[in-house]
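Here the structure is a predicted model, which is why all the values come from computation and not from measurement.
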Amino acid sequence: MLEVSTLGEYRKHIGGPSPLYDDIDVRRIDSPITYKKEYEPIRHRIYSISLHIDMETGGKPLLYFKIPYQVVVADQKKPTCKKGYCVAFTESFLEKYRGLASLMFDVPFLRLENTIPLELEYCDVPLLQGIYEQMCDEYNSDHSDRFDMIVSYLQTLMLQIRRIYSRSAAFIKEVVQSGNQNDIAIAGQFKFMLDTFFKENDNNQASRTVAHYASRLSVHPNYLNAVVKRATGKTAHELLQEYIIRFAKDMLLQTNLSVKEISYQLSFNAPSHFVTFFKKNTSYTPARFRQMSQKVLV
């Protein structure tokens with residue numbers, strides 16, 4: 001199955017308007033957006049939060065959520081949004097803003113088992129709409145700090161949604177449990193533990209093994225791999241490896257820690273083991289990755 005990591009690739013595959021930037025897109029929806037009627041299923045590495053105010057089928061306003069590893073398929077029966085907003089960004093964008101990443105790991109509506117549409121009351125719309133308007137204005141401006149401002153508004157948006165979500169938590173739980181809750185819950189709990197592990201920086205060697213998480217979830221490691229594979233398209237081992245690499249990149253880009261210090265923080269037995277692991281997964285040594293990234297930022 002095709003997997004994409006940028007918004008440009010994603011929009012090219014499914015149709016719809018192209019973003020100004022490959023890593024983030026903020027837009028108003030003021031007319032029905034036409035996507036391709038048919039396309040091959042695709043797995044993406046994108047987060048998005050969409051506010052749909054006016055659907056062609058009527059009904060209350062809705063918030064839609066997407067998180068990485070979900071599979072998108074063409075759906076001709078999906079109702080069209082005639083008015084609303086959407087903010088979408090990639091994992092690469094998130095890596096640049098640790099505060100935003102920390103908040104995202106806390107909010108329940110961006111966990112795998114909870115990413116179902118959230119119905120809003122009409123009184124909720126004006127405040128959310130105002131935040132989206134501010135983000136749209138910044139996105140289309142030429143201010144040098146526009147992305148910092150967008151991140152600030154995005155954090156505010158998520159905090160407001162968290163308040164709304166808390167009112168609907170009981171209903172959402174009931175809806176989610178009506179599906180294949182066993183697999184969904186285990187996969188969601190595993191992803192939440194990974195989020196918490198990397199947020200708290202509580203690293204130990206056992207935390208780099210699937211067996212560690214399987215034990216905490218009271219399941220066999222093979223079963224955890226299979227469940228996560230069904231839910232995300234990747235085994236628990238593959239997902240864990242990606243999280244370790246993402247966190248290592250974050251430390252290389254945003255701290256002055258040496259490669260040796262980072263390797264010990266990630267609980268590798270020796271720096272050489274960390275270097276081998278990083279190069280196997282990125283094609284670069286940690287030092288080379290940091291050097292290349294610094295040149296791009298200059």
Side-chain angles (χ1 to χ4, degrees), residues 2-30 32-36 39 41-55 61-75 78-97 100-101 103-120 125 128-129 131-136 138-140 147 150-162 164-165 172 188 191 195 231-233:
L2 177 64
E3 181 174 303
V4 299
S5 56
T6 71
L7 287 165
E9 293 172 326
Y10 178 72
R11 294 275 171 75
K12 182 179 180 179
H13 186 80
I14 70 170
S18 299
L20 295 178
Y21 306 95
D22 257 355
D23 284 343
I24 184 167
D25 185 35
V26 186
R27 66 178 57 251
R28 300 176 180 90
I29 303 171
D30 50 19
I33 297 176
T34 302
Y35 296 100
K36 294 179 181 177
Y39 54 82
I42 187 173
R43 184 176 292 112
H44 63 79
R45 306 291 293 272
I46 294 164
Y47 293 90
S48 77
I49 304 175
S50 302
L51 171 61
H52 292 186
I53 299 173
D54 184 10
M55 303 292 286
L62 293 169
L63 281 166
Y64 285 88
F65 309 102
K66 286 189 177 73
I67 61 174
Y69 309 110
Q70 290 179 319
V71 175
V72 176
V73 297
D75 185 0
K78 185 177 180 180
T80 301
C81 174
K82 296 189 293 184
K83 182 179 179 181
Y85 302 85
C86 179
V87 55
F89 50 95
T90 65
E91 289 182 321
S92 296
F93 182 82
L94 190 62
E95 287 174 0
K96 302 172 187 176
Y97 296 93
L100 176 61
L103 175 59
M104 290 183 64
F105 294 151
D106 273 344
V107 294
F109 49 85
L110 291 179
R111 295 176 192 164
L112 181 64
E113 72 273 26
N114 293 335
T115 52
I116 61 175
L118 177 61
E119 187 176 89
L120 302 173
V125 172
L128 299 180
Q129 187 173 3
I131 299 171
Y132 274 105
E133 283 287 346
Q134 296 281 6
M135 286 194 291
C136 287
E138 288 292 338
Y139 185 74
N140 292 290
F147 297 120
I150 290 171
V151 167
S152 177
Y153 287 125
L154 186 52
Q155 289 173 313
T156 302
L157 176 69
M158 288 194 291
L159 290 172
Q160 290 294 341
I161 295 174
R162 186 170 67 181
I164 297 169
Y165 183 92
I172 291 170
K191 187 174 184 300
D195 291 341
T232 69

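- To the nearest 0.5 Å, atom CG of residue L63 and atom NE2 of residue H52 are 9.0 Å apart.
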Donor-acceptor pairs under 3.5 angstrom involving side-chain atoms of residues 13-22: please list them, not counting sequence neighbours.
residue: H13; atom: NE2; partner: E40; partner atom: O; Å: 2.7
residue: Y21; atom: OH; partner: R146; partner atom: NE; Å: 3.4
residue: Y21; atom: OH; partner: R146; partner atom: NH2; Å: 3.0
residue: D22; atom: OD1; partner: G8; partner atom: N; Å: 3.2

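- Closest heavy-atom contact between L100 and Q155: N-NE2, 3.5 Å.
- Between the Y139 side chain and the I24 main chain, a donor and an acceptor come within less than 3.5 Å of each other.
- Here the OH atom belonging to Y132 is positioned 5.5 Å from the CD1 atom belonging to I49, to the nearest 0.5 angstrom.
- Between K96 and V151 there is no side-chain heavy-atom pair separated by less than 4.5 Å.
- In this structure, the separation between CG on L94 and CZ on F89 is 6.0 Å, given to the nearest 0.5 Å.
- For Q129, the side chain to side chain donor-acceptor pair (under 3.5 Å) test picks out Y85, with sequence neighbours left out.
- Between the CD1 atom in I150 and the SG atom in C136 there is a gap of 9.0 Å [rounded to 0.5 Å].
- Side chains of F147 and E138 form no contact here, defined as non-hydrogen atoms less than 4.5 Å apart.
- At least one side-chain heavy atom of L118 sits under 4.5 Å from a side-chain heavy atom of F65.
- Applying the salt bridge (charged side-chain N to carboxylate O under 4.0 Å, His left out) rule to pairs touching residues 3-18 yields E3-R45, E3-K234, R11-D25, sequence neighbours excluded.
- Taking the side chain as every heavy atom from C-beta outward, R162 and L159 approach each other to under 4.5 Å.
- In this structure, C86 SG and K66 NZ are separated by 7.0 Å, a value rounded to the nearest 0.5 Å.
- Expressed to the nearest 0.5 Å, how far CZ of R43 lies from CG of L2 amounts to 10.0 Å.
- Y97 places none of its side-chain heavy atoms less than 4.5 Å from the side chain of L154.
- In terms of heavy-atom proximity, T90 sits nearest to S5 at CG2-O, 3.3 Å.
- No side-chain heavy atom of V107 sits under 4.5 Å from any side-chain heavy atom of Y165.
- Here the side chains of M135 and T156 are not in contact, with every heavy-atom distance at 4.5 Å or above.
- Test I161, L128, L62 against L120 for side chain to side chain contact (heavy atoms under 4.5 Å, CB included) and you get one pass: L128.
- In this structure, A88 and L7 approach most closely via the heavy-atom pair O-CD1, 3.6 Å.
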